[in-house]
Amino acid sequence: MKIERRELIAAGGLAAFAVGFSQTLGRMLSGLVGDAPKAHNIHGRSAEPEFSVDPATGALRPNPNQQVSYTACLGCTTQCGVRVRVDRASGNVIRVAGNPYSPLSTEPHLPMKASVRDSLVALSRFQDKGLAGRSTACGRGNAAMDQMNSPFRVLTPLKRVGPRNGGQWQPISFEQLVRELVEGGDLFGEGHVEGFAALRDLATPIDPDAPELGPKVNQVALLSSVNDGREPFARRFWNQAYGTLNFVGHGSYCGGAYRSGSGALFGDLKKMPHAKPDLANAEFVLFIGTAPGNAGNPFKRTGTLLAKGRSEGRLEYVVIDPVLTNADNRAAGERGRWVPIRPGTDGALVMGMMRWMFENGRVNTAYLGYPNLNAAEAAGEPSFTNASWLVVAEKGHPREGRFLRGSDIGIAVAEEEKHKDADPYLVQGPDGKPMPADVATGPAPLEAAAPVMVGDRKLAVNTAFELLRESALKLGLAEYAGICGVPEAVITGLADEFTRHGRKACAIAHGGMMAGNGFYNAYAVVTLNALIGNLNWKGGFVVNGGGFKDAGAGPRYELETFPGAVKPKGTPLGRNVPYEKSAEFARRKAAGKAYPARDAWFPNAPGLGTEWFPAMLRGYPYGVKALILWSSNPLYGIAGLRPLVEKALADPKKLPLIVSVDPLINESNAFADYIVPDSLMYESWGWSAPWNGVPTKATTARWPVVEPKAAKTSHAPDAPAIGMETLFIALAQAMKLPGFGPAGLADIEGNRLPLERPEDWYLRGGANVAFGGKAPVGDATDEDLALSGVERLRPLLEATLKPDEWRKVAFLYTRGGRYQPAKEAQDETNPEWQTNRFKNALWLWNDNVGGTKNSLTGKRFTGCATWQPPAFADGTPMRDVHKESDWPLLVVSYKSALQNSYSIATRITSLHPDNPVIVHPEDAARLGLATGDLARIQTPGGEATCRVIVHEGVMRGVLAVEHGYGHRELGARAHTLGDARQPERPDLRAGVNLNDLGLADPTRGNQAIWVDAVSGTSVRNGLPAKLMRI
Amino acid sequence: MNPDIVETVNVAREVAWLPWAVQYFFLIGLSYGAYLVSLPGLVFRRPGWEGISRLALLAALVCGLTAPVALLADLHQPGRFWHFYAYFTPSSWMSWGAFFIPVYLTGLILYAWLAFRPALARHADEGGRLAGLARRLAYGGHESRNALVAAALLAFVGAALVALYTGVEVMLVRARPLWHTPLLPLQFFVTALAGGFGLTLLFNRYLSGRGDPLATRRMANALAVTQLVALLVGGVWLALGLSGLSPTHAQALAEVAPSANWQLSAVWAVAATVVTLVLAWKRPGSGLAIGLLALHSAWMMRWTIFIGGQEVPKTGAGYYSYQLPFGPEGLMGIVGTAGLWIFLFVVLTTLLPLDRIGKSGATGA
Amino acid sequence: MKDHNPPTAAPATSPSRRAFLRGIPVLTAAAAMAPAPVLAADATHHWAMLVDVRKCIGCQACTVACIQENAVPEGSFRTFVSTYSVKLADAEQPAGTYMLPRLCNHCDQPPCVPVCPVGATFKRADGIVVVDGDRCVGCAYCVQACPYDARFINHDTDKAEKCTFCAHRVDAGLLPACVETCVGGARIFGDLNDPAGELRRRLDAAKAEVKVLKPESGTEPRVFYIGLDERFQGRVEGQGTLWQPRATHG
Ligand SMILES: Nc1nc2c(c(=O)[nH]1)N[C@H]1C(S)=C(S)[C@@H](COP(=O)(O)OP(=O)(O)OC[C@H]3O[C@@H](n4cnc5c(=O)[nH]c(N)nc54)[C@H](O)[C@@H]3O)O[C@H]1N2
Ligand SMILES: Nc1nc2c(c(=O)[nH]1)N[C@H]1C(S)=C(S)[C@@H](COP(=O)(O)OP(=O)(O)OC[C@H]3O[C@@H](n4cnc5c(=O)[nH]c(N)nc54)[C@H](O)[C@@H]3O)O[C@H]1N2
Ligand code: SF4
Ligand code: SF4
Ligand code: SF4
Ligand code: SF4
Ligand code: SF4
Ligand SMILES: [Mo]
């Protein structure tokens, strides 16, 4: 008995030993077997170098096991030119670094004429070249590439099983996909669904009583993200071949408010031009609601130039932001500053600065006086403004707020040209009488001395300058300071410093403008530049060089249009057109009450993805029959959208068909009926251009440097992979649409050519790029081809292009694009001027804004920069509805310095796993919170549990949420595809997404999300909130 | 707390010396501690110590045989243990340690064999379990006093070297101020000795009739002394740290003091020591409790030093927080070592039942 | 012809206003004694790195590039950039960001080397401190001995691992991955023995501002810093990050 117990104990001991030491035993055994994969004794598992360079001679020896190619990164919207290193055996990307030819990755970038060999040597230790010509890829870029092998990728077409957003899918063949999409049918056992063929009705109006809405085809809508170099192709299909009007990108929930504010200053509210500081030469820059080096576009270029400027002692900058970010760097000390500000109050700060500038003679009135470019240039100014133009100020005048035009004072203008481009703007002439602005040869008065006589009637006028000044003087400095929480001395200090650097100062904004008054805040920020006259100056406010056009009408191929192309017509879903031109207006007016409209209209905005969902799900202006989500994620990216529409979106009766083209399952396309795999990162073709911030012309070549992983369109041996292009081509062919197929496109001589594969389009676009500009590019050598991996494309190039073209297009691929030399940034004859200039007027007063009315109130908008508190659509201040006593805090979001919204890559999350909400120590003390505590964050729109981090890097009263976390998809939820279940990765769910807390607009019946009343852009900064300990 | 510096991005380093290491340092300490307890009775023939010393020797043997296995497991490449011998590196105390351990174990095993031969022989004669094995091991069962002293001497040299190297190896790590204090080897030694006494006490307690009360009392007294010394050394450590007289100690204290985890385990270790002292002093008869407490405080001390020390970032702010994993690198590792210990204990006490060796004078040595 | 100045001459600024822009003290106050790197006697090269903290934007390009280049397992890092929010006293700016790229210092007196029981870790003649993976027993003694937390056990290989200065690239005439891709241009790599090289020139130019981490430890790092604040030179006193290792390995 006793013995037995001993044995038992001994056996137990032995068993425990065996378990405890199993790993040790395993390691001993594996030690005997050897380390697999074999690691070098010193270098471990480090990758083999892609080539070697003799440090003495600079001789290059490529590594035959690897391919080094130049293309674009898609880790964020910057789309940098990068160097991708591929392991030839596995086809896996090893690492990405920068493309030395690309200004988005290199400063200064290498001239195109450098051979590929030279470009590779330029990255090496040889003569320290790699340090001087450092070419980079950021952490996100290097991490996001892991998605190429992600277990969450969509590789075959998926068809929903069960309800929408149920996470269950059936893989289907491409053939079935195309058939079902085109023909429709009872696809889900939920009743008949109309296919694309039936939906392409170009004739029948959506509503016979409202013909301005356009034909039924407009009820098919496509939401995309950003032009990744492929948008012209997609637009050719949807706009020109299929014929729908509704195709928008993510602009309205990106930095749309800023772009609109900028568009107002640059006089174009649809294209919304904007400019950036010339960071390479600037002396003083104010970043108001954009965090250089933390985020921003171009992310790396901005970061590099900022770092350079501040450490070399040339640049000083101030970041005005409720949140402290990586835009600050204490080691650089006084060269960079952070000024905390209350969210959504930038207008007050800037109008305060302006007030001080007006009152202290710091406005460059000499510059502002030039009413046209000729007069300005003659005086040595590379740009001009409309400061001296006359605006109708007569109360109650039908043109109140509009510019006084030639036709208004009796200058002869054709009737159809009245108040259009040909109708001249007026300034006060030397004789005190109005004269056309464009004929003045010198400065015009900035103050309108007297009313203008129209016939025998006096008409009160103001100059744009006067209106702006009046707006700035509306409040006192102390009031402005009180509103924005920035001390008066700091406001005047900023104004002072800003006006001390001649033209080498600049003020810009971006994401920080996405508040409930974003448009006016942004307009105010950009107007600062006009007041010092820095546009087009070296070191000042400079415009993008732009790209070389691929999808144009030549010079080699006609890619712009084709016989049978449709010109889409109608009212866009986002109602970004004047309400006053709608049938509804006529009806209501006839009924005696023109205002309010049923809901808000946004005549001064571009296409508005923000408005789409409420619009299509409520049927105002009309319902949608099919929605295509192409690489976009509105449910994750738009504040307040998910809580508002998630139910309706799941209901096929409200929106019968949702098709997504995307390599991943994100929060939005989880609601789709079909997901069609798209190419990811380095698998795609495309011609992309920098978004902004590159003064020289630049186009980045995207090409499949690795084989696309998605399934092929068919079993044919040379069948291409499924993707956006192959899907749209197949749809076009199935519906026999023009512009695609065997004679889909044409060369410049008019010879018809096929558009049946992606290459048919992109290689020919390449020929347009190669032959565009002042002179065609050179030819790629055989060595260029071999060293850059473009060798792989050679058969395709030769087969698709003409003999004199293919080596030029290859030249672009070998160098990863076409880039104007860095030294051409400034004008050869005028070295202080930029080469690429914005040549139209800057509008201190924008009469498109000033002349339109709020469709909910019928009240006119202000036409210049002004301070207005954040408000809902009908102008009701947010704080009138959501009182400070109930919601004492304001939440903002700021971009993760490391993440992007979709780069939920574990190489980043393993470093920075989640996004604790930043709370100011004073607020934390009041709430009894300490770093690491869990808390409940609540807004009128929703609530979430979060962790907090407490430090001084946030404005008092503000909660800051880093954007890029709080995912529900992209790996955060395991979907079932057929029988296969994706892996569970709960860590990818970490953190919170501020957008889940976004607000609905109570002045729009809580039926739409809160957007800025002018620009229609998503409001994600300054949401009223409270925080509670849990 | 509202610190002026808040780390927003940083990473943690994992604990690299795992609970295995704690087990090794604990067991090897127990072994040489118990070995020392074996000397008065077996080598110096102090009256009243024979039983105690034989029990202690058994304890030294069980622990001494288990310890290197834990050490092996703490290597991430255990199959390469032979590299220690192939690539001797005189600059490394660990390298020397690889040679000291066999010296000690050889001495200890010989010493134990010589000490237990008569007992093995009797076990064989009386037809106990595994009598055949016992007979073969007894190899005649003679007592050979000179050989025994010689073996004990070898073991002593080994034990001294092991005590030295285990202390110095850790003490030399400048990068960890908590470890880098000259008192550390002494602390290791004192607590090891206390552990040795504690384990012997435990063995003693398991003799039929709960062991010899006199022996219990004797060991309790000795234990009280070791605990007192341990506390004194600890006090000196604290005083040096608090007063700032010794910068190393001050730094060590400053680094770990704010850590809640460390505070808990340190207070725990000290409390265990104090309770052991008080009990040993006031109620020397409570052999089981004191023995267990002594073992516990020796283990806690090592846990606090090793795991607590590794929770202090060398460059970053705050602390890494270690959570004992369940698997071999954590709890299962600890349990596994204990299992091995138990197994060896059962096997050895089958051949050498505690009663046979533990009863005073039961077997002449 | 052209007027580069504002037309209205700016009046002298009041001191208080200038103070807004100039008054905040730089964290790196008086520079401590600059370590004077000695030229290695015999070896042709002595590799070293200079980190200009002023240029760092905390983008972690270095961190991730290093991971990809060197197949560093998830959750381990050969280099990373510690980022801090620092409260500023006596300044109008309430707080600032401080970033600090960290990696193995390739110490000239590397404490990790003598402790290695099998001589697996050593300093190459060119100054690079490496681990011979064929010899390492994974005892982690070097991990303990490194004063910079620069080493770890690689759970894929079960050997000690650390930054190698990308010796495999350097030997091939290339730059380390982290240097090649440093967006801010903060990392400068080169040869201490090459007086004409970029590294040496920058070190010489910045002399008094050049510092190293934990200078008192006697390790003589060969990773130098410009803009290194004293508060970050050793172990940082402050609130630790909320980072937790995601998974325990086993
Ligand atoms: N709270 C808050 N909200 C924000 C922001 C914020 O800072 N805070 N930022 C806003 C901004 S600036 C923007 S631009 C928007 C972005 O919002 P969106 O443009 O709508 O979405 P993204 O998340 O950028 O990307 C869309 C999808 O593209 C797919 N995708 C990823 N990689 C690839 C690829 O390589 N190829 C293809 N074909 N598809 C790919 C993924 O499914 C991804 O979800 O979000 C906005 N929302
Ligand atoms: N690291 C990184 N870089 C990126 C991206 C990314 O996701 N991550 N995304 C890219 C994209 S799509 C874009 S659009 C750009 C955007 O680049 P940015 O515009 O620079 O980035 P955001 O974070 O959107 O906004 C900038 C700052 O505005 C601040 N802010 C919030 N509310 C207010 C306010 O009311 N007033 C003021 N003054 N500031 C406020 C935020 O705290 C934030 O720091 O970045 C691009 N680059
Ligand atoms: S900035 Fe964006 S596009 Fe450029 S490398 Fe980084 S992730 Fe890629
Ligand atoms: S882990 Fe390897 S390199 Fe480090 S000390 Fe041990 S054997 Fe040497
Ligand atoms: S930093 Fe650490 S690992 Fe690197 S050489 Fe110095 S002591 Fe060794
Ligand atoms: S030098 Fe190489 S190994 Fe070292 S940190 Fe940089 S990338 Fe990593
Ligand atoms: S890559 Fe350069 S700038 Fe970016 S975090 Fe690393 S050291 Fe700093
Ligand atoms: Mo964006």
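Bear in mind that the values here come from a model prediction, so they are computed numbers and not experimental data. Sequence lines set the chain letters: A, B, ... in the order given, protein chains first and strands last, and positions in each chain run from 1. Hydrogens, waters and symmetry mates play no part in the numbers below; they use all other heavy atoms, side chains included.
A cation-pi contact, defined as under 6.0 Å to the ring centre and within 45° of the axis, is absent between Arg13(B) and Tyr320(B).
With a 4.5 Å cut-off on non-hydrogen atoms, Gln144(C) touches chain B through its backbone and its side chain both. Heavy-atom distances place both the backbone and the side chain of Phe77(C) under 4.5 Å from chain B. Contact annotation for Glu169(B): both backbone and side-chain heavy atoms come within less than 4.5 Å of a heavy atom of chain C. Both the backbone and the side chain of Cys139(C) come within less than 4.5 Å of a heavy atom of chain B. Only the backbone of Arg151(C) has a heavy atom closer than 4.5 Å to any heavy atom of chain B. In this structure, chain B has heavy atoms under 4.5 Å from both the backbone and the side chain of Tyr141(C). For chain B, no part of Ala95(C) is nearby; none of its heavy atoms comes within less than 4.5 Å. Using a 4.5 Å cut-off between heavy atoms, Trp179(B) contacts chain C through its side chain alone, with no backbone atom that close. Contact annotation for Ala16(B): both backbone and side-chain heavy atoms come within less than 4.5 Å of a heavy atom of chain C. Of the atoms belonging to Val173(B), it is side-chain heavy atoms, and not backbone ones, that fall under 4.5 Å from chain C.
Defined by atom type and a distance below 3.5 Å, a donor-acceptor pair is present between the side-chain atoms of Glu69(C) and His168(C). Side chains of Thr219(C) and Arg174(B): no donor on one and acceptor on the other come within 3.5 Å. Asn10(B) and Ser82(C) form a side-chain donor-acceptor contact under 3.5 Å, judged by distance and modelled atom types alone.
Of the listed residues (Gly119(C), Cys146(C), Ala120(C)), the one with the most heavy-atom contacts under 4.5 Å to chain B is Cys146(C). When each of Leu100(C), Val81(C), Thr63(C), Asp134(C) is checked for heavy-atom pairs under 4.5 Å with chain B, Asp134(C) comes out on top. When each of Gly58(C), Ala145(C), Ala140(C) is checked for heavy-atom pairs under 4.5 Å with chain B, Ala140(C) comes out on top. If you tally non-hydrogen atom pairs under 4.5 Å between each of Leu75(B), Val6(B), Asp74(B) and chain C, the highest count goes to Val6(B). Considering only heavy-atom pairs separated by less than 4.5 Å from chain B, the leading option among Pro117(C), Pro114(C), Gly240(C) is Pro117(C). Taking Gly234(C), Ala150(C), Cys116(C) one by one and counting their heavy-atom pairs under 4.5 Å with chain B, the maximum is reached by Cys116(C). In terms of heavy-atom pairs under 4.5 Å with chain C, the best-connected choice from Pro313(B), Ser91(B), Gly327(B), Ala317(B) is Ala317(B). Ranking Pro78(B), Ser95(B), Ser92(B) against chain C, the residue ahead of the rest is Ser92(B), based on heavy-atom pairs under 4.5 Å. Ranked by heavy-atom pairs under 4.5 Å with chain B, the first of Tyr148(C), Tyr84(C), Phe152(C) is Tyr84(C).
Here Trp303(B) and Trp268(B) keep their ring centres 6.0 angstrom or further from each other. For an aromatic pair to be called close, the ring centres must be under 6.0 Å apart, and Phe25(B) with Phe306(B) satisfies this.
Residues forming a ring-ring contact (aromatic ring centres under 6.0 Å, His included) with Phe189(C) (at least two apart in sequence, or on another chain): Trp47(C), Phe165(C).
To the nearest 0.5 Å, atom CZ of residue Phe189(B) and atom CG of residue Leu164(B) are 11.5 Å apart.
Enclosure of atom CZ in Phe326(B) is not indicated, since only 12 or fewer non-hydrogen atoms of other residues, nucleotides or ligands lie within 6.0 angstrom.
Taking a cutoff of 4.0 Å between a charged side-chain nitrogen and a carboxylate oxygen, Asp149(C) and Arg102(C) do not qualify as a salt bridge. With respect to the salt-bridge test (charged N to carboxylate O, under 4.0 angstrom), the residues Arg176(B) and Glu255(B) do not qualify.
Phe100(B) and Tyr165(B) have perpendicular rings, their planes meeting at more than 60° on a 0 to 90° scale where under 30° would count as parallel.
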